[in-house]
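Working notes for the structure below.
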Amino acid sequence: MTSSDIERRWQRAWAEARAFEAEPGDGPKYFLNVPYPYVNGLLHLGHALTYSRTDFMARYKRLRGFNVLFPFAFHATGTPIVAAAGRVARGEERQISILRQMGIPDAEMPRFGDPQHWVDHFPGEVRADIQRLGGSVDWRRSFITTSLNPRYDAFIGWQFRRLRARDLVRRGRHPVVWCPKDGSPVGDHDRIQGEGEMPQEFTVLKFRMDDGSFLVAATLRPETVFGQTNLWIDPDVDYAVAEVDGETWIASASAVEKLAEQAHAVNRKGTVRGSDLIGREAVAPMIRRRIPVLPSTFTDPDKGTGIVTSVPSDAPDDWIALQDIKRGVEGARRWGLDPDAVRGVEAIPIIESGGWGPLPAKEICERMGIRSQDERDRLLEAKHEIYKTGFYTGVMKENCGEYAGMPVEVAKEAIKAAMLASGEASLMYELSNRVVCRCLTPSIVKIVSDQWFLAYGDAGWKALARECLAGMDLYPEVSRKQFEHVLGWLRDWACTRELGLGTRLPWDGKWMIESLSDSTIYMAFYTISHLLDDVPEEAVRDELFDHVFLGVGAAEKVSRATGAPVDAIEAMRRSFLHWYPMDLRISGKDLIQNHLSFCIFNHVGVFDRGLWPRGFGVNGWILVGGAKMSKSAGNFMTMRAALDRWGADVLRLTLANGGDGLDDPNFDAEFADSTDDRLAAWLAFAVETMGKGTDAERPIDAWFSAVLDATLADFCGHCDSMEFRAALKRGYFDLQRDLRWYLRRAGEPDRAVMERFIAFQTQMLSVFAPHVCEEAWSRTGGKGMVSLSRLPDVDPASIDRKAIDAESLLIDLMEDLREVIGLIGGDVRAVHVFTAADWKWHVLALVRAAIAEGGARFDDVMKAVMADPDARRMGKAVPRIVQRMIDLRTSYDLTVDEERSKLAAEAAFLSAEFGCPVRVWTEGESEDPMGKAKQALPLKPAIYVEK
RNA sequence: GCGGGGGUAAUCAAGCCCGGCCAACGAUGCGAGACUUAAGAUCUCGUCCUGCAGAGGUCCGAGGGUUCGAAUCCCUCCCCCCGCACCA
């Protein structure tokens, strides 16, 4: 029988027995779940990691007597499926070949032009794969999201009305990267260029001219307004004149276009040549000083407003441009500029910053040898260098009015806010790099003004979310800082889209609810989804959810209002209260900053305190062969492919062995290749050994029994912390090593101990390799299924530590013997082992006491020991052995008599192992030609090898 | 830049919070031996350097420091990974 036969057999058995269909019942409940996968394809190895870890926990908790619920569902919300279906419909070869690789025959391909077909097709595939993985899932509760599932649709609608009633969903404006052709925001994945780019906020400074119109200059550094000396304008550019928000602004034509998209009232009126503006004067904001307009070549009409305010003290561009114009000052006459006035323009120091003199821009231009305003790249570098230190370490100088003495970091926001309030400035948004939509249209920034938001920026909501987090268990605990940071950092989340599958926003049907936003509290839906199937669709209404999830109203009343049967309503309420709150949700670490945090927010926004989530587990991203899995790297693997190659048990074991914590665990194919044989061998061993053996009760049987207890305790400790790699090592690899030792020591094993061992090993290993363990369990007389069996509790205090320590003493001694025999070489006639004399045990007690009291400093310990008359009597041998005792502190907790009787009892075994007589003495008891006996220390016997 | 996680012997990877049983768990790989007709599987031993007595030396990204004692604590620096959103 091959491992795949075994896997199929037990998967069928679990399904037939409905082994994992969870109902309220005996034992404490444990509800764990995972984010449902998006059904646009097959699962990959990364899914396998997260789902395996969840299944490990589910199976472990069952072994510990918990009534475990592990449900699973499918996510279809959002645009990718719609987009991909569109590509299939248009016959795009790339998309079609992706589907072909997932096993879709060409004849089926046309059907994938319809998004609905994806939703019909993939959930079944995903479920089949999870079942093949051995997932212990209650499949009755599965569902699909979006309006394709009216009951889920109603649930999401209820959730949003509920949040809105608490004023947590609000309408607002927001800058987004926008495709003018598609008429929608352009997410990172919808871009062929400019991934990661986001709208950058510029402060638009307004400079009033004598005729009442404004020259407007965009800046990223509003705090430098105190150093403004002039404006730069390109004489060869035609600037637009436009009415903006009721004022007359002059800016580049493209800037006016942008402003029009950004919720400004814009009315274009005409143009003005840059050269006509040179030499005029305008009043600079904040400093309220008249400054001249000077010509430059470095301004870019497509960047900002095409007009630049000049701060030559801190902006290298401005400094160099100013030097340029002063050098060619006579030429400035042709703009009608007064050369003396130009010469009179001087940089004004405004920021005090570590490592820089009063004029950083001048300094860096001189240091880098920048000569001209046309050295664009070097000027950019210079700008970054100044900004880095200036922003984080700089302080505003005394000439900066009420901002004097303020750190630049703070002053920047304060100055901007003040100018916005006084009307001297406005805002505009711009992309710092080009972004191109998949439809090949360059993106712009648009202010969307009727967008709906989940108000994650709301202080009161944040406070509740923090409270929830503080009460949660996190695995690993080191992820807590990340969560805390995210909760603080989250701002209002735009929760609606115009496109894609999903649920319509109940009160504003123009919008669909976005895919992360419809997935925040659906774990509650699992508790009732199978019961809800029996309720008529039209009865699934807010009153029903209000009652089931919030306890509003009496069941009879809700029944009358909705038409749902009373007993169904009551059953749902009971089920929800039984399973909720969820105990654990497990995902990849990438979901910390969105989904898992949203999950906290929406729970505290909807449910009462007692129903908030209790725990999150996060894991890294799977590496294959040490590299991040990707199609381009050639190491991408679907879960199905991995199952085909190795089978479920091996795959699971290999995933568990990959590593714990937030690091990316490595999938080691070599380990996987060697694991199938190992499992088969173990199954054969268990079947072969069960029921055989002696009934003699020997010390070594007590040892192995104690090891079983200790292993079980450690195993549980690791599983409780989701340290599955460590649990696998302890509960399997270490225990297998101990078994080999036991068999070597015992010869014929003890029947009762072996029965105990086989049962425990099967149970512990079943967390990782459930199929082969069911097989082993059933063939070694286990009752029922191992998946539903109970692992006994171990009281750590009851473990026989003496037996373990005594055996460790023997193992250490054997290592020493091997080393000595190996070193001296040749034939060995006999081995003599000497345990330490009584007085050394006395000294050991003194040493231990001294260390416990005052640390391990030799002088102090020695003094303490020599204060004892009995020790002093032993004279000059004492310092040496005290030093050795300090160096060689052992953790074994054994007495003199225990050491001696253990070694005496094992002399025969040692003789057999080393193939020569082994005699055990107490120091001084026997001949000792090489004077080795005196080296004996308590728990570190001396050795004399006779050649 | 900000926030988070890391850098350990051929590889993967424990230990670090709570300093000493740490030449540093374990697995994989590699080497030797046993078993076997052989291969495989399995078992034993070994796998930083030196050593004919259980030891010594060097070592846990680099450099300093604290301590009787540091992979573990403190400081500085270097490098890698993840996230910084409106998207699954």
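Predicted model, so just to flag it, every value in this text is computed and none were measured. Chain A is the first sequence line, chain B the second, and so forth, proteins listed ahead of strands; every chain is numbered from 1.
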Distance test, side-chain N/O of A:Arg818 to OP1/OP2 of B:rG54, below 4.0 Å: no
Pairwise C1' distance, B:rA71 and B:rC60 [rounded to whole Å]: 5 Å
Integer angstrom distance from the P of B:rA70 to that of B:rU58: 12 Å
Short side-chain donor-acceptor distance under 3.5 Å, A:Gln451 and A:Trp511: no
Whole-Å C1' distance, B:rC45 and B:rC35: 15 Å
Pairwise P distance for B:rA9 and B:rG63, with rounding to whole Å: 15 Å
Lys/Arg-Asp/Glu bridge criterion (N-O < 4.0 Å) met for A:Asp458, A:Arg170: yes
Sugar-phosphate, base or nothing in reach of A:Gln451, heavy atoms under 4.0 Å: nothing
Among B:rG4, B:rC45, B:rA53, the one nearest A:Gln482 by side-chain distance: B:rG4
RNA chain B base-pair string [pairs: Watson-Crick or G-U under 3.5 Å; |: paired with another strand]: ((((((((.[[[..)....(.....]]]((((((.......))))))(((....)))...[[[[[..)....]]]]])))))))....
Touch class at under 4.0 angstrom, heavy-atom based, for A:Arg491 against every strand present: base
Nearest-nucleotide comparison on RNA chain B, the residue closer to the 5′ end among A:Val945 and A:Pro665: A:Pro665
Cation-aromatic face contact A:Arg745/A:Phe909, 6.0 Å, 45 degrees: yes
Between C1' of B:rC84 and NZ of A:Lys589, the distance in whole Å: 15 Å
Interatomic distance at C1', B:rU67 relative to B:rC74, whole Å: 12 Å
Ring centers of A:Trp646, A:Phe667 separated by less than 6.0 Å: yes
Of the listed nucleotides B:rU28, B:rA27, B:rG54, the one nearest the side chain of A:Ser674: B:rU28
A:Ile824 CD1 to B:rC52 C1', straight-line distance once rounded to whole Å: 7 Å
Sugar-phosphate, base or nothing in reach of A:Ala942, heavy atoms under 4.0 Å: base
A:Arg480 side chain to A:Leu469 backbone, donor-acceptor under 3.5 Å: yes
Protein-nucleotide distance (A:Glu723, atom CD; B:rA13, atom C1'), rounded to Å: 14 Å
Residue A:Lys481, side-chain atoms from C-beta onward, closest of B:rC87, B:rA53, B:rG5: B:rG5
Parallel, tilted or perpendicular, as decided by the 30° and 60° cut-offs, for the rings of A:Trp921 and A:His832: parallel
Residue A:Trp621 excluded, over 12 heavy atoms near CH2 under 6.0 Å: no
Residues that A:Ser3 engages under side chain to side chain contact (heavy atoms under 4.5 Å, CB included), provided they are two or more places apart: A:Asp676
Proximity to the side chain of A:Arg678 - top-ranked nucleotide from B:rG54, B:rC25, B:rU28: B:rU28
Earlier contact from the 5' end, RNA chain B, for A:Glu819 and A:Arg737: A:Arg737
Sugar-phosphate, base or nothing in reach of A:Trp489, heavy atoms under 4.0 Å: base
Whole angstrom value for the distance that separates P of B:rC87 from CD1 of A:Ile513: 16 Å
Inter-nucleotide C1' distance (B:rC75, B:rG56), Å rounded: 33 Å
Selected nucleotide, minimal atom distance to A:Arg744 side chain, candidates B:rA27, B:rA55, B:rU44: B:rU44
Sugar-phosphate only, base, or nothing, as touched by A:Phe453 at under 4.0 Å among non-hydrogen atoms: nothing
Side-chain N or O of A:Arg848 closer than 4.0 Å to phosphate OP1/OP2 of B:rG20: no
Touch class at under 4.0 angstrom, heavy-atom based, for A:Ile821 against every strand present: nothing
Value in whole Å for how far the C1' atom of B:rA14 lies from CG of A:Asn666: 15 Å
Sugar-phosphate, base or nothing in reach of A:Pro35, heavy atoms under 4.0 Å: nothing
Side chain of A:His485 - closest among B:rC43, B:rA53, B:rG3: B:rG3
Nearest-nucleotide pick for A:Arg725, side chain only, options being B:rU28, B:rA53, B:rC25: B:rC25
Rounded distance (Å) that lies between atom P of B:rU42 and atom CG of A:Asp677: 6 Å
B:rC84 and B:rC68, which share atom name C1', separated by this distance in whole Å: 48 Å
Value in whole Å for how far the P atom of B:rC25 lies from CD1 of A:Ile811: 15 Å
Aromatic ring pairing A:His75/A:Tyr36, orientation class (parallel under 30°, perpendicular over 60°, tilted between): parallel
Sugar-phosphate, base or nothing in reach of A:Gly658, heavy atoms under 4.0 Å: sugar-phosphate
For atom CG of A:Asp668 and atom P of B:rA10, their distance in whole Å: 17 Å
Nearest-neighbour nucleotide for the A:Met930 side chain, B:rG26, B:rC87, B:rA53 considered: B:rA53
Minimum-distance nucleotide (side-chain atoms of A:Lys940 versus B:rG54, B:rG6, B:rA53): B:rG54
A:Ile144 to A:Ala76 - nearest heavy-atom pair and separation: CD1-CB, 3.9 Å
Sugar-phosphate only, base, or nothing, as touched by A:Val486 at under 4.0 Å among non-hydrogen atoms: nothing
B:rC17 OP1/OP2 closer than 4.0 Å to side-chain N/O of A:Arg480: no
Span that lies between the P atom of B:rC43 and that of B:rU50, in whole angstrom: 30 Å
Minimum-distance nucleotide to A:Trp493 side chain [options: B:rC87, B:rU28, B:rG54]: B:rC87
A:Asn619 side chain to A:Thr50 side chain, donor-acceptor N/O pair below 3.5 angstrom: yes
